[in-house]
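Computed from a prediction, not measured in an experiment: that's the story for all the values here.
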Amino acid sequence: MAGTAAALVDPPLPAASPVVRLVVDQLTLETLRATPPSRQGALFAGRTVSASSAPRPFAVGAESSPATVPWRGSRISVREFLEATHTNSLVVVRDGAMTFEWYGPGYGAETKQSSWSVAKSVVSLLAGRAIGAGKLREQDRLVDLLPELTTGTAYDTITIQDLLDMTSGVDVAENYSYAATSSDDTTAMYLTDDIAAFVRDHRDLKFPPGSRADYRSIDAQLLGMAVARAEGKSLGELLQHGIWEPIGAQDDAVWNLDRQGGQEKGFCCLNATARDFAKIGQLILDNGRSGDTQVVPARWIGRIEQPAPLRIGPWGYSALWWHPTGGSGHDLAARGIFGQYIFVDQDTDTVIVKLSDNQLSSDEQEVIDALRAIAES
């Protein structure tokens, strides 16, 4: 990996860079606090990703779910599990047919909900398409694609591979609070109306690129910007024509921008229906194919399926997809901080989408264990 020769993290850059503008007025913060995370996409500018011109709904299979699922050392009913984790939507697709669909009050099959970090896994698929088309390589340096970020420091050694596997070392704290007390964390990146300025102002390193793994949303943001630059199109355009259209997405999606006419928040904030998120999971399960179309190169699905050498905590990680511990080792997940999941179980040919408003969820392993029980039922 790039940057392993650097013995020390470079010193901070000079303080002459411009101040990143933040949407931090009190009314905005109060509105955010009062709005469920699943609905916050409506508060920001967005780029529409139009439904497919040939939408393909899932076939409907026999409805099934287990009587109970494991939960914190006990067993509870599926309904209790959904309530305990503040679930808004649950969709189960087995063998390509939707076998279970449930929505909480105020939510339905056509309700768009924010993906939060599930969007990172979608950016991975767009990166895989660009790499498969020869427009991008994992060995490419970030600053060769975005030369305006060049520093003359170890930052310049960050590669696309580093961004995919969260080994860049870029020092932006993974903090989510609406206290507006810091301009140096993920919340600031979420609220800024100038992401390009934000990433320019945050080029300090916590560790040399490629030396360790640490979950950082800015890695996915930088990757999304690099993919867009390499392709010459916005992430929303790439998603619509490269994935949304061929998978037969049934509904429009909206990818939030930093400002009207700006660029996508690639680390979060793709708003779509549970059914269409399930089509992303089915694409993984079908080795990148949708019908007769190879949407994402099969080699990229193989890349996602192989955990990266440097781990992020107890779970494995690879190309912005999670490898939860336990189970057979043949399942993957895209995961968002407030309880958003696209869970893909290869052993049972099952995709489960769970969209929630579980505040700063810390029960990821318990949720995965419950989803595994649903997949295996």
Side-chain angles (χ1 to χ4, degrees), residues 47-59 91 93-98 112 115 117-138 160 164 220 223-224 226-228 230-255 264 266 270-306 318-322 330-335 340-346 349-353:
R47 180 166 286 119
T48 298
V49 179
S50 298
S52 174
S53 62
R56 294 195 303 277
F58 286 109
V91 169
V93 177
R94 192 189 309 276
D95 297 323
M98 189 164 59
K112 296 179 184 64
S115 66
S117 288
V118 167
K120 294 179 172 70
S121 301
V122 176
V123 169
S124 169
L125 300 182
L126 296 177
R129 283 178 50 82
I131 289 170
K135 297 180 180 179
L136 194 65
R137 299 179 307 153
E138 290 201 51
I160 296 302
L164 283 161
L223 177 66
V227 170
E231 293 271 22
K233 296 179 180 177
S234 70
L235 291 182
E237 292 175 290
L238 293 171
L239 177 61
Q240 177 166 345
H241 299 296
I243 295 180
W244 224 238
E245 175 67 27
I247 67 173
Q250 294 172 246
D251 297 289
D252 291 353
V254 175
W255 206 326
E264 287 80 358
L270 173 63
N271 305 272
T273 66
R275 290 176 173 181
D276 284 337
F277 279 129
K279 291 181 182 296
I280 295 293
Q282 192 66 41
L283 188 63
I284 299 294
L285 201 57
D286 291 339
N287 210 28
R289 293 185 66 83
S290 182
D292 295 329
T293 303
Q294 190 71 47
V295 178
V296 176
R299 289 183 62 183
W300 193 251
I301 305 301
R303 166 74 162 89
I304 290 169
E305 292 173 341
Q306 184 62 41
S318 183
L320 306 183
W321 283 79
W322 290 100
H330 296 151
D331 51 28
L332 302 164
R335 187 183 83 194
Q340 296 76 33
Y341 293 87
I342 301 176
F343 175 72
V344 180
D345 185 63
Q346 296 165 315
D349 199 26
T350 300
V351 172
I352 303 176
V353 169

Please check if any side-chain donor atom of Ser124 sits under 3.5 Å from a side-chain acceptor atom of Trp300, or the reverse.
->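 Yes, a side-chain donor-acceptor pair sits under 3.5 Å.
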Just by distance, with hydrogens left out, do Gln340 and Ser117 show a side-chain donor and acceptor under 3.5 Å apart?
->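 Gln340 vs Ser117: no donor-acceptor pair found between side chains.
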[Y] side chain reached by [X] side chain, heavy atoms, under 4.5 Å:
X      : Y      : answer
Leu235 : Val122 : no
Ile247 : Gln282 : no
Leu270 : Val118 : no
Ile280 : Val353 : no
Ile301 : Trp321 : no
Arg275 : Asp251 : no

Okay, side chain of [X], backbone of [Y]: is any donor-acceptor separation there less than 3.5 Å?
X      : Y      : value
Ser234 : Glu237 : yes
Ser121 : Leu320 : yes
Ser52  : Ala54  : yes
Gln294 : Val296 : yes
Asp252 : Ala51  : yes

If you measure from CD1 on Ile342 to CD1 on Ile284, what distance do you get to the nearest 0.5 Å?
->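 Output value for this atom pair is 8.5 Å.
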Euclidean distance, Asp345 CG relative to Leu285 CG, rounded to 0.5 Å =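 It is 8.5 Å, given to the nearest 0.5 Å.
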Step through the shown structure and confirm whether more than 12 heavy atoms of other residues, nucleotides or ligands are within 6.0 Å of CZ on Arg56.
->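 Above 12, so yes.
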Qualifying salt bridge (charged side-chain N to carboxylate O under 4.0 Å, His left out) pairs, either residue in residues 118-138, two or more places apart |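 Sorted result for residues 118-138: Lys135-Glu231, Arg137-Asp140, Glu138-Arg303.
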Do any pairs count as a salt bridge (charged side-chain N to carboxylate O under 4.0 Å, His left out) and have a residue in residues 279-289, sequence neighbours left out, and if so which ones?
->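 The answer is none; no pair qualifies.
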Intermediate values then yes/no, side-chain contact (heavy atoms from CB on, under 4.5 Å), Val295 and Leu125 | CA-CA 9 Å; Val295 178; Leu125 300 182; over 6 Å; no
Excluding sequence neighbours, so at least two apart, what forms side chain to side chain donor-acceptor pair (under 3.5 Å) with His241?
->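 His241 satisfies side chain to side chain donor-acceptor pair (under 3.5 Å) with no residue once adjacent residues are dropped.
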